[in-house]
Amino acid sequence: MRHLSLPAERASISSLRAGDVVKVSGRLVTARDRAHRRALELSSAPVELKSVYHCGPLVRRAGDGWEVLSAGPTTSARMEAYLEGLLERFGTTVIIGKGGFSEGALDVLRRYGCVYLSFTGGAGALAAAAVKRVVEVHWLELGIPEALWVLEVRDFGPLVVAMDARGGSVYARPASGQE
Amino acid sequence: MLDGLVELIRTAVVRLPPDVTAALEAALAAEEEELAALQLRLMLENAARAEELGVPLCQDTGVPVFFLRGEWGEVEPLLAEAVRRATEQVPLRPCIVHPLSRENTGDNTGAHVPVVHRIPGGERSVSFMPKGAGSENCSAAAPLPPSAGAGEIAGFVADVVRRAGAKPCPPVVLGVGIGGTLEHAALLSKLALLLPLGTESEEPALAELERRILREVNSLGIGPMGFGGRCTCLGVRVLSAHCHTASLPVAVSLQCWAHRRATLVERDGSWEVVQP
Ligand code: SF4
C-alpha cells in the first residue's frame with residue numbers, strides 16, 4: 001500500500017491510478033457545501049486548502065481544545081458544483097470523500113492535477129482513530145458540521161484512488177453523479 | 001424513562017444491529033471483487049471499533065426519528081429532552097438546522113424535530129431510527145400509473161437506486177411503501193425499514209415483489225461504496241395499503257449499510273433496549 005504525505009505535490013499524485021489503495025499522513029481540512037461556498041465567495045480561506053476532506057466531524061470539547069470521536073466522509077456530489085473553483089483558486093491536489101463526482105469531473109481533476117480518494121462511508125469510528133489532533137478550527141459560526149476543521153492525521157485509510165488525475169475512475173458506472 | 005430513552009439513542013448510534021452485521025458478513029463471504037470486499041471488511045471493522053469504544057459508528061447521527069407503539073399521551077417534550085441529553089452525553093453531532101436560514105439549533109431539536117410517528121395498538125414500545133442525510137437525500141416517492149403492477153414498481157425502485165449510485169453508502173437497505181396516499185406510502189417505507197433483515201412479507205405477492213426488487217437492484221452492479229461487485233442491497237421489505245382506484249403512490253426509503261435502529265420495550269416492569 002502506498003503512503004502519501006500531505007500536502008501532496010502534483011508529481012507525487014500523478015502516478016496514482018484508479019483502483020490503487022493508499023494511506024495519507026499530514027494535515028487535512030474538512031469542508032462541506034457552506035465552507036466551499038464561502039471560500040469561493042471571499043476568494044480566500046483562513047487556512048491552506050491543498051488537502052480537502054469532505055467531512056463534518058462529530059467532536060467533543062476536551063479542555064481548551066477538541067476531541068474527534070467519529071469522522072467519516074460526507075457525500076462528495078454536493079461539492080461538485082465548487083470543484084473547479086476550488087482547484088483553480090486554492091490549488092487543491094487531494095480530495096477525500098465518498099460517492100465520487102460525476103464523469104464530467106474527471107476532466108477537471110486531470111486539467112488541474114488533483115486526485116479523488118474514497119474513504120468507506122459511515123466508517124466514522126475508524127476514521128477518528130487516524131486523527132491525531134485538531135490543529136485548529138475556523139468558521140465555527142457555520143455550525144459544527146460545516147466548519148473548517150484542520151485535522152492532523154496519521155496513516156489515514158485505507159483509501160481507494162477512486163478518480164485519478166489521468167481520467168481514470170473505479171466507479172462501476174458514473175451513476176454517482178448528480179442527476 | 002428519560003434515562004431509558006437516552007440509552008435507546010446511544011445504543012442505536014453506537015451498536016450496529018446484529019441483523020445488519022450478519023447481512024454484511026454474508027455479503028463479504030460472497031464477494032469476489034477485491035475493492036468491494038475491502039469496503040465490507042472496513043464497515044465491519046468500524047462497527048466493532050465503535051461498539052468497543054462506545055462512540056457513534058458514523059459521524060452523521062442523523063435526524064432523530066421515533067416510532068411509538070401503544071398508548072403514550074403527550075410524550076413529545078420528553079422525547080425532545082432525551083435527544084438534547086443524548087446530544088451532550090453520547091454525544092451526537094448537532095445536525096438540525098432551520099430549512100431556510102440554515103442556522104444550526106445546536107441540540108438536534110427544532111420545529112417537528114425529533115420526528116415522532118405513532119403506530120396505534122400493540123404493546124407499548126419506542127423505536128429509534130436516526131436518518132442520515134447521505135441516504136435520505138436519495139429516497140424518492142412518486143405517483144405511478146394505477147395499472148403499473150409489480151414489474152413497473154420494481155423498475156421504479158431499481159431506477160431510484162441506480163440514480164443514487166455510490167452516494168447513499170451502499171450496500172443499501174430498502175424500505176418500500178405502496179398504496180395509500182403519498183405521505184402514507186412514505187411512512188410505510190420507513191416502517192418497512194424497522195423490520196428485521198432476512199424476513200419477508202406474509203403476503204405472497206408482496207414477498208415476490210420484495211425478491212424481485214432485491215434481484216433487480218443487485219444486478220445493477222453498483223456494489224459496496226460504488227466499486228462494483230455483487231452486493232448493492234442487503235435487504236428489501238415492502239409494506240402496502242389499499243389505495244384509490246385511480247392512483248398508485250410508491251415511496252422508497254433508501255437506508256445506508258449503517259442501518260441503525262433500536263427499540264425500548266417493557267419487560268417485567270422495567271425498560272430494556274433491544275435490537276433486531
Ligand atoms: S449515508 Fe449513512 S453511513 Fe453514509 S455517511 Fe450518511 S449516515 Fe453515515
Atom group of [X] that falls short of 4.5 Å from chain A, counting heavy atoms:
X: Ala50(B); result: both
X: Leu35(B); result: side chain
X: Leu92(B); result: backbone

Using non-hydrogen atoms and a 4.5 Å limit, figure out which bit of [X] sits close to chain B: side chain, backbone, both or neither.
X: Pro158(A); answer: both
X: Val21(A); answer: side chain
X: Ala128(A); answer: neither
X: Thr75(A); answer: side chain
X: Ala71(A); answer: backbone

Other residues, nucleotides and ligands only: do more than 12 of their heavy atoms fall within 6.0 Å of [atom1] on [X]?
X: Arg37(A); atom1: CZ; answer: no
X: Arg111(A); atom1: CZ; answer: yes
X: Glu67(A); atom1: CD; answer: yes
X: His3(A); atom1: NE2; answer: yes

Quick check: closest heavy atoms across [X] and [Y], and the distance to 0.1 Å?
X: Ala125(A); Y: Arg49(B); result: O-NE, 3.7 Å
X: Pro94(B); Y: Pro145(A); result: O-CG, 3.3 Å
X: Gly122(A); Y: Cys169(B); result: N-SG, 4.2 Å
X: Phe227(B); Y: Ser118(A); result: CZ-OG, 3.4 Å

Roughly how far apart are [X] [atom1] and [Y] [atom2], rounded to 0.5 Å?
X: Tyr171(A); Y: Met225(B); atom1: OH; atom2: CE; value: 6.5 Å
X: Glu88(B); Y: Arg60(A); atom1: CD; atom2: CZ; value: 11.5 Å
X: Ser70(A); Y: Asn46(B); atom1: OG; atom2: CG; value: 7.0 Å
X: Arg102(B); Y: Glu146(A); atom1: CZ; atom2: CD; value: 8.0 Å

- Under 4.5 Å, counting heavy-atom pairs only, tell me which of Val97(B), Leu57(B), Val55(B), Leu38(B) racks up the most with chain A.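 That would be Leu57(B).
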- Using a cut-off of under 4.5 Å for heavy-atom pairs, which of Leu142(A), Leu69(A), Thr74(A) has the most such pairs with chain B?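 Winner by heavy-atom pair count: Leu69(A).
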- Message: Between Val160(A) and Gln39(B), does the side chain to side chain contact (heavy atoms under 4.5 Å, CB included) criterion hold? Intermediate values first, please.
- Response: CA-CA 9 Å; Val160(A) 174; Gln39(B) 299 307 305; 3.5 Å; yes
Flag, side chain of [X] to backbone of [Y], donor-acceptor distance under 3.5 Å:
X: Gln59(B); Y: Pro57(A); result: no
X: Thr120(A); Y: Met43(B); result: no
X: Asn104(B); Y: Ile144(A); result: no

- Find out whether Leu58(A) and Thr61(B) are in side-chain contact, i.e. whether some heavy atom of one side chain is under 4.5 Å from a heavy atom of the other.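 SC-SC contact between Leu58(A) and Thr61(B) confirmed.
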